[in-house]
Amino acid sequence: MRVGILGAGWWADQHAQALATLEGFAVTGVNSRSLDTAAAFVAQHGGRVHADARALLAAPDVDAVLITAPHEYHAPLALEALASGKPVLLEKPVATNSTETHAVLDAARNAGVPCLVGFTSHYFPGFSRAKQIIDSGELGRP
């Protein structure tokens, strides 16, 4: 799978390192508000710099999109990526408010493509136990 990354900061670097360990995955493009940051990212992880998000989303060598940009750009970028028909892995939060969050969820459903949120804490034992307690009803309805 050829992956384009929107945002070239620390989280993008973490994802690119993880992708490098997976067979069949490659970073093929990146876009960042800073072209210098994007160029440094490409020098380290490969791919090519795209001058803007739309160019990356239209690139024929991008099969899926990772969004690691600052939080305020998550929803707008996710909406554009989903409209392009590309599957999305979106770093948390989905958006900065509930209206935008629901817009992203609706766009994912309407596009019929996967949109995953990079939130792994729900697998932590404490969170799993909290879910069990809530599901049991012993605390009442939250």
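Since the structure is predicted, the reported quantities are computational estimates derived from the model, not experimental observations.
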Query - Heavy-atom closest contact (Leu90 atom, Ala78 atom, distance) - result: CD2-CB, 4.1 Å
Report summary line: Between Asn97 and Thr99, the two heavy atoms sitting closest are OD1-N, 3.1 Å
**Report entry** Verify same cluster id: Val65, Val49 (apolar side-chain graph, 4.5 Å)
**Finding:** no
**Report entry** Smallest separation among heavy atoms of Thr68 and Gly7, with atom names
**Finding:** OG1-O, 3.2 Å
Query raised in the report: For the atom pair CG (Leu56) and CD1 (Ile5), what is the distance rounded to the nearest 0.5 Å?
Result: 9.0 Å
Requested in this report: Test Ile133 against Glu138 for side-chain contact (heavy atoms from CB on, under 4.5 Å), laying out the working first.
Outcome: CA-CA 7 Å; Ile133 292 169; Glu138 69 184 79; 3.8 Å; yes
**Report entry** Atom of Pro87, atom of Asp63 and distance for their closest heavy-atom approach
**Finding:** CD-O, 3.2 Å
Query raised in the report: Is there a side-chain contact between His74 and Lys92, using heavy atoms and a 4.5 Å cut-off?
Result: no
Requested in this report: Look at the side-chain heavy atoms of Ile, Leu, Val, Met, Phe, Trp and Tyr, link any pair under 4.5 Å apart, and say whether Val30 and Leu22 land in one connected group.
Outcome: yes
Query - Joint hydrophobic cluster, Phe25 plus Val42, side-chain heavy atoms closer than 4.5 Å - result: yes
Query raised in the report: Does Asp13 use its side chain to pair, donor to acceptor, with the backbone of Gly9 at less than 3.5 Å?
Result: no
Query raised in the report: Any idea which heavy atoms bring Val62 and Gly4 closest together, and the distance?
Result: CG1-N, 3.6 Å
Query - Gap between atom CG of Leu105 and atom NE2 of His102 - 0.5 Å precision - result: 7.0 Å
**Report entry** Pairing of Arg2 and Asp61 as salt bridge, 4.0 angstrom limit
**Finding:** no
Query raised in the report: Do the rings of Trp11 and His15 sit parallel, tilted or perpendicular, given the 30° and 60° boundaries?
Result: tilted
Requested in this report: Supply the atom-to-atom distance Leu82 CG to Cys115 SG, rounded to the nearest 0.5 angstrom.
Outcome: 5.0 Å
Query raised in the report: Which atoms form the tightest heavy-atom contact between Ala8 and Ser32, and what is the distance?
Result: CB-CB, 3.8 Å
**Report entry** Rounded distance (nearest 0.5 Å) linking atom CD of Glu23 with atom CE of Met1
**Finding:** 14.0 Å
Query - Ile134 vs Lys131, side-chain contact (heavy atoms from CB on, under 4.5 Å): CA-CA, chis, key distance, verdict - result: CA-CA 5 Å; Ile134 291 168; Lys131 182 175 182 339; 5.7 Å; no
Report task. Take Glu80 and Leu57, measure what side-chain contact (heavy atoms from CB on, under 4.5 Å) needs, and give me the verdict at the end. Result -> CA-CA 8 Å; Glu80 284 191 54; Leu57 295 172; 3.7 Å; yes
Query raised in the report: How long is the span from the CZ atom in Phe119 to the CD atom in Glu91, to the nearest 0.5 Å?
Result: 11.0 Å
Report summary line: side chain to side chain contact (heavy atoms under 4.5 Å, CB included) with Leu116: of Leu89, Leu66, Val88, only one passes, and it is Leu89
**Report entry** Rounded distance (nearest 0.5 Å) linking atom CG of Leu77 with atom CZ of Arg54
**Finding:** 10.0 Å
Query raised in the report: Hey, any chance Val113 and Leu6 share a hydrophobic cluster, counting ILVMFWY side chains that come within less than 4.5 Å of each other, even indirectly?
Result: yes
**Report entry** Min side-chain heavy-atom separation Ile67-Tyr73 under 4.5 Å
**Finding:** no
